[in-house]
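Working notes, beginning with the structure itself.
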Amino acid sequence: MSGKAKRSSQKIRALEILIRLKRLYPDATCSLTHDSPVQLLVATILSAQCTDERVNKVTPDLFARFPDAESLANADLEELEQLVRSTGFYRNKAKNIRAACRKIVDDFDAQVPGRMEDLLQLSGVARKTANVVLAHAFGINAGVTVDTHVKRLSQRLGFTKHQDPVRIERDLMKLLPQADWENWSIRLIYHGRAICKARSPACEVCQLADICPSANIG
DNA sequence: ATCCCGAGGG
DNA sequence: CCCTCTGGAT
(Lines give C-alpha, C1' and ligand atoms only; values in the text may rest on other atoms or scores of the structure.)
Protein backbone atom coordinates (compact mmCIF):
# COMPACT_ATOMS: atom_id res chain seq x y z
CA MET A 1 0.00 0.00 0.00
CA SER A 2 1.24 3.49 -0.79
CA GLY A 3 2.01 5.92 2.01
CA LYS A 4 -0.93 8.04 1.01
CA ALA A 5 -3.37 5.11 1.02
CA LYS A 6 -2.00 3.94 4.35
CA ARG A 7 -2.57 7.34 5.96
CA SER A 8 -6.06 7.40 4.56
CA SER A 9 -6.95 4.00 6.01
CA GLN A 10 -5.45 5.01 9.34
CA LYS A 11 -7.73 8.03 9.43
CA ILE A 12 -10.75 5.85 8.77
CA ARG A 13 -9.72 3.47 11.53
CA ALA A 14 -9.17 6.37 13.93
CA LEU A 15 -12.66 7.70 13.26
CA GLU A 16 -14.15 4.23 13.80
CA ILE A 17 -12.33 4.02 17.13
CA LEU A 18 -13.65 7.44 18.09
CA ILE A 19 -17.21 6.41 17.26
CA ARG A 20 -16.91 3.35 19.48
CA LEU A 21 -15.32 5.31 22.33
CA LYS A 22 -18.03 7.98 22.19
CA ARG A 23 -20.59 5.21 22.56
CA LEU A 24 -18.64 3.63 25.45
CA TYR A 25 -17.98 6.92 27.28
CA PRO A 26 -20.78 9.27 26.19
CA ASP A 27 -20.33 11.65 29.12
CA ALA A 28 -16.55 11.70 29.22
CA THR A 29 -15.27 15.09 30.32
CA CYS A 30 -12.43 16.67 32.23
CA SER A 31 -12.49 14.96 35.62
CA LEU A 32 -10.54 17.60 37.54
CA THR A 33 -12.89 19.53 39.83
CA HIS A 34 -12.53 23.29 39.39
CA ASP A 35 -14.56 26.50 39.47
CA SER A 36 -12.42 28.76 37.30
CA PRO A 37 -9.68 28.75 34.68
CA VAL A 38 -6.96 29.31 37.28
CA GLN A 39 -8.27 26.44 39.38
CA LEU A 40 -8.22 24.20 36.31
CA LEU A 41 -4.66 25.31 35.55
CA VAL A 42 -3.54 24.54 39.10
CA ALA A 43 -5.35 21.18 39.16
CA THR A 44 -3.74 20.25 35.85
CA ILE A 45 -0.26 21.14 37.10
CA LEU A 46 -0.95 18.93 40.12
CA SER A 47 -2.06 16.03 37.90
CA ALA A 48 1.48 15.30 36.68
CA GLN A 49 2.28 11.67 37.49
CA CYS A 50 -0.78 11.52 39.71
CA THR A 51 -4.37 10.35 39.32
CA ASP A 52 -7.13 12.92 38.95
CA GLU A 53 -8.85 11.22 41.85
CA ARG A 54 -5.96 12.13 44.14
CA VAL A 55 -5.79 15.69 42.80
CA ASN A 56 -9.49 16.07 43.58
CA LYS A 57 -8.76 15.12 47.19
CA VAL A 58 -6.39 18.03 47.76
CA THR A 59 -8.02 20.79 45.70
CA PRO A 60 -11.04 21.42 48.00
CA ASP A 61 -8.78 22.43 50.90
CA LEU A 62 -6.31 24.12 48.54
CA PHE A 63 -8.94 26.30 46.83
CA ALA A 64 -10.72 27.05 50.10
CA ARG A 65 -7.44 28.51 51.39
CA PHE A 66 -6.20 30.01 48.08
CA PRO A 67 -9.18 30.47 45.74
CA ASP A 68 -7.67 32.67 43.02
CA ALA A 69 -4.50 33.77 41.23
CA GLU A 70 -3.81 36.64 43.65
CA SER A 71 -3.95 34.50 46.78
CA LEU A 72 -1.90 31.73 45.16
CA ALA A 73 0.67 34.29 43.99
CA ASN A 74 1.13 35.45 47.58
CA ALA A 75 0.87 32.05 49.24
CA ASP A 76 3.41 30.93 51.82
CA LEU A 77 5.47 28.32 50.00
CA GLU A 78 5.65 25.89 52.94
CA GLU A 79 1.91 26.01 53.43
CA LEU A 80 1.32 25.50 49.71
CA GLU A 81 3.72 22.53 49.71
CA GLN A 82 1.85 20.84 52.55
CA LEU A 83 -1.52 21.38 50.88
CA VAL A 84 -0.39 19.65 47.66
CA ARG A 85 2.01 17.16 49.26
CA SER A 86 0.08 13.96 48.58
CA THR A 87 0.11 14.54 44.81
CA GLY A 88 3.85 13.88 44.66
CA PHE A 89 6.60 16.16 43.28
CA TYR A 90 5.14 18.59 45.79
CA ARG A 91 8.09 20.98 46.05
CA ASN A 92 8.23 21.50 42.30
CA LYS A 93 4.47 21.70 41.99
CA ALA A 94 4.10 24.27 44.80
CA LYS A 95 6.91 26.40 43.43
CA ASN A 96 5.54 26.22 39.89
CA ILE A 97 1.98 27.03 40.96
CA ARG A 98 3.06 30.12 42.88
CA ALA A 99 5.41 31.31 40.12
CA ALA A 100 2.78 30.73 37.43
CA CYS A 101 0.17 32.67 39.41
CA ARG A 102 2.62 35.52 40.05
CA LYS A 103 3.18 35.83 36.31
CA ILE A 104 -0.57 35.67 35.67
CA VAL A 105 -1.10 38.51 38.15
CA ASP A 106 1.86 40.58 36.94
CA ASP A 107 1.69 40.08 33.18
CA PHE A 108 -1.85 38.95 32.38
CA ASP A 109 -4.07 41.15 34.55
CA ALA A 110 -4.71 38.25 36.97
CA GLN A 111 -6.50 36.26 34.22
CA VAL A 112 -5.30 32.94 32.82
CA PRO A 113 -4.25 33.70 29.24
CA GLY A 114 -6.24 31.96 26.49
CA ARG A 115 -3.35 31.55 24.06
CA MET A 116 -0.92 28.66 23.77
CA GLU A 117 2.03 30.99 23.35
CA ASP A 118 1.26 32.75 26.65
CA LEU A 119 0.41 29.62 28.60
CA LEU A 120 3.76 28.08 27.67
CA GLN A 121 5.52 30.95 29.44
CA LEU A 122 4.06 29.89 32.79
CA SER A 123 6.30 27.73 34.96
CA GLY A 124 5.20 24.11 35.14
CA VAL A 125 3.16 24.47 31.97
CA ALA A 126 4.04 22.67 28.72
CA ARG A 127 1.81 21.59 25.85
CA LYS A 128 -0.07 18.91 27.75
CA THR A 129 -1.20 21.28 30.50
CA ALA A 130 -1.81 24.13 28.05
CA ASN A 131 -3.99 21.93 25.84
CA VAL A 132 -6.13 20.89 28.81
CA VAL A 133 -6.67 24.50 29.89
CA LEU A 134 -7.37 25.75 26.36
CA ALA A 135 -9.83 22.94 25.67
CA HIS A 136 -11.76 22.94 28.93
CA ALA A 137 -11.55 26.54 30.10
CA PHE A 138 -11.66 28.27 26.71
CA GLY A 139 -13.18 25.76 24.31
CA ILE A 140 -10.17 26.03 22.00
CA ASN A 141 -8.80 23.01 20.11
CA ALA A 142 -5.19 24.12 19.98
CA GLY A 143 -3.73 20.64 19.92
CA VAL A 144 -4.08 17.09 21.17
CA THR A 145 -3.53 16.53 24.88
CA VAL A 146 -0.84 13.86 25.11
CA ASP A 147 -0.55 12.43 28.59
CA THR A 148 0.65 9.01 29.63
CA HIS A 149 -2.66 7.37 28.61
CA VAL A 150 -2.94 9.05 25.22
CA LYS A 151 0.70 8.21 24.56
CA ARG A 152 0.33 4.54 25.50
CA LEU A 153 -2.96 3.93 23.68
CA SER A 154 -1.95 5.81 20.54
CA GLN A 155 1.16 3.65 20.38
CA ARG A 156 -0.71 0.40 21.02
CA LEU A 157 -3.33 1.31 18.41
CA GLY A 158 -0.56 1.87 15.90
CA PHE A 159 -1.03 5.59 15.30
CA THR A 160 2.47 6.67 16.25
CA LYS A 161 5.86 5.07 16.65
CA HIS A 162 7.34 7.99 18.56
CA GLN A 163 8.14 8.35 22.26
CA ASP A 164 8.36 12.15 22.40
CA PRO A 165 4.96 13.67 23.33
CA VAL A 166 5.45 16.57 20.91
CA ARG A 167 6.01 14.20 17.97
CA ILE A 168 3.09 12.03 19.08
CA GLU A 169 0.89 15.13 19.20
CA ARG A 170 1.95 16.07 15.67
CA ASP A 171 1.07 12.57 14.39
CA LEU A 172 -2.37 12.76 16.05
CA MET A 173 -3.07 16.26 14.75
CA LYS A 174 -2.49 14.98 11.20
CA LEU A 175 -4.61 11.91 11.88
CA LEU A 176 -7.74 13.52 13.33
CA PRO A 177 -10.10 16.35 12.38
CA GLN A 178 -9.41 19.36 14.62
CA ALA A 179 -12.92 19.24 16.07
CA ASP A 180 -12.16 15.78 17.49
CA TRP A 181 -8.75 16.49 19.02
CA GLU A 182 -9.99 16.82 22.57
CA ASN A 183 -12.61 14.09 22.07
CA TRP A 184 -9.76 11.76 21.18
CA SER A 185 -7.72 12.64 24.24
CA ILE A 186 -10.53 12.49 26.76
CA ARG A 187 -11.85 9.16 25.48
CA LEU A 188 -8.43 7.54 25.30
CA ILE A 189 -7.82 8.64 28.87
CA TYR A 190 -11.08 7.05 30.02
CA HIS A 191 -10.37 3.88 28.07
CA GLY A 192 -6.79 3.76 29.36
CA ARG A 193 -7.97 4.01 32.95
CA ALA A 194 -10.74 1.42 32.58
CA ILE A 195 -9.51 -1.16 30.04
CA CYS A 196 -6.22 -0.50 28.25
CA LYS A 197 -4.17 -0.29 31.43
CA ALA A 198 -0.42 0.12 31.34
CA ARG A 199 0.38 -3.01 33.31
CA SER A 200 -2.25 -5.53 32.25
CA PRO A 201 -4.53 -4.39 29.41
CA ALA A 202 -7.92 -6.15 29.44
CA CYS A 203 -7.92 -7.06 25.74
CA GLU A 204 -10.52 -9.84 26.37
CA VAL A 205 -13.21 -7.27 27.10
CA CYS A 206 -11.85 -4.42 24.94
CA GLN A 207 -14.33 -3.13 22.35
CA LEU A 208 -11.42 -2.09 20.10
CA ALA A 209 -9.58 -5.42 20.07
CA ASP A 210 -10.69 -6.39 16.54
CA ILE A 211 -9.05 -3.30 15.07
CA CYS A 212 -6.08 -2.99 17.44
CA PRO A 213 -2.69 -4.24 16.18
CA SER A 214 -1.56 -4.86 19.77
CA ALA A 215 -4.60 -6.82 20.94
CA ASN A 216 -3.65 -10.02 22.70
CA ILE A 217 -6.66 -12.29 22.90
CA GLY A 218 -6.23 -15.79 24.39
C1' DA B 1 19.37 11.49 30.40
C1' DT B 2 18.06 12.63 34.91
C1' DC B 3 15.63 14.57 38.60
C1' DC B 4 11.48 15.59 41.20
C1' DC B 5 8.13 12.64 44.59
C1' DG B 6 3.70 10.48 47.22
C1' DA B 7 0.30 6.82 47.23
C1' DG B 8 -1.71 2.65 45.78
C1' DG B 9 -1.66 -2.00 43.32
C1' DG B 10 0.42 -6.42 42.53
C1' DC C 1 10.10 -5.13 46.02
C1' DC C 2 8.66 -2.85 41.20
C1' DC C 3 5.36 -0.28 38.41
C1' DT C 4 2.11 3.32 37.48
C1' DC C 5 -0.52 7.53 37.91
C1' DT C 6 -3.71 13.08 32.72
C1' DG C 7 4.69 15.95 33.11
C1' DG C 8 7.96 19.43 33.15
C1' DA C 9 12.54 21.60 33.82
C1' DT C 10 17.48 21.14 33.87
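Please read these numbers as outputs of a predicted model, since none were measured by experiment. By convention in this document, chain letters (A, B, ...) are assigned in the order of the sequence lines, proteins followed by strands, and residues within each chain are numbered from 1.
- Between B/dG9, C/dG7, B/dA7, one nucleotide has an atom nearer to the side chain of A/Thr129 than all others, and that is C/dG7.
- Between A/Arg152 and the phosphate of C/dC5, there is a side-chain N or O to OP1/OP2 separation shorter than 4.0 Å.
- For A/Gln49, whose side chain is taken as the heavy atoms from C-beta onward, the closest listed nucleotide among C/dC5, C/dC2, C/dA9 is C/dC5.
- Set against C/dT4, C/dG7, B/dC5, the side chain of A/Tyr90 has B/dC5 as its closest nucleotide.
- Note on A/Asp107 versus A/Lys103: salt bridge recorded, some NZ/NE/NH1/NH2 to OD/OE distance being below 4.0 Å.
- Other residues, nucleotides and ligands contribute more than 12 heavy atoms inside 6.0 Å of the CD atom of A/Glu16.
- Between A/Thr87 and A/Arg199, it is A/Thr87 whose nearest contact on DNA chain B lies nearer the 5' terminus.
- Geometrically, A/Arg98 does not engage A/Phe66 in a cation-pi contact defined by less than 6.0 Å to the ring centre and at most 45° from the axis.
- The separation between A/Lys197 atom NZ and C/dC3 atom C1' is 14 Å, rounded to whole Å.
- Contact annotation: side chain of A/Arg91 to base of B/dC4, donor-acceptor pair absent below 3.5 Å.
- We find that CG of A/Leu46 is positioned 14 Å from C1' of B/dC4, with the value rounded to whole Å.
- At the phosphate of C/dC5, neither OP1 nor OP2 sits under 4.0 Å from any side-chain N or O atom of A/Arg193.
- Residue A/Arg54 has a polar side-chain atom (N or O) positioned under 4.0 Å from OP1 or OP2 of B/dG8.
- Taking atom CG of residue A/Asn96 and atom C1' of nucleotide C/dA9, one finds them 8 Å apart after rounding to whole Å.
- A/Val125 comes within contact range of the sugar-phosphate backbone alone, with a heavy-atom separation under 4.0 Å but no base atom that close.
- Closest to the side chain of A/Ala126, out of C/dC5, C/dG8, C/dG7, is C/dG8.
- The CG atom of A/Leu83 sits 14.0 Å away from atom NZ of A/Lys93, with the distance rounded to the nearest 0.5 Å.
- In this structure, the aromatic ring of A/Phe89 is not positioned over the six-membered ring of the base of B/dC5 within 5.5 Å between centres and 30° between planes.
- By the 6.0 Å contact criterion, CG on A/Asp76 is enclosed, its count of non-hydrogen atoms from other residues, nucleotides or ligands being greater than 12.
- The distance between atom CD of A/Glu53 and atom P of B/dG6, rounded to the nearest whole Å, is 19 Å.
- Contact between the side-chain N/O atoms of A/Arg85 and the OP1/OP2 oxygens of B/dG6 is found at a separation under 4.0 Å.
- Taking atom CD1 of A/Ile189 as the reference point, atom P of C/dT4 lies 18 Å away to the nearest angstrom.
- At C/dC5, one or more side-chain N or O atoms of A/Thr148 fall inside 4.0 Å of OP1 or OP2 (strictly under the cut-off).
- As a whole-Å value, the separation of A/Leu122 CG from C/dG7 P is 18 Å.
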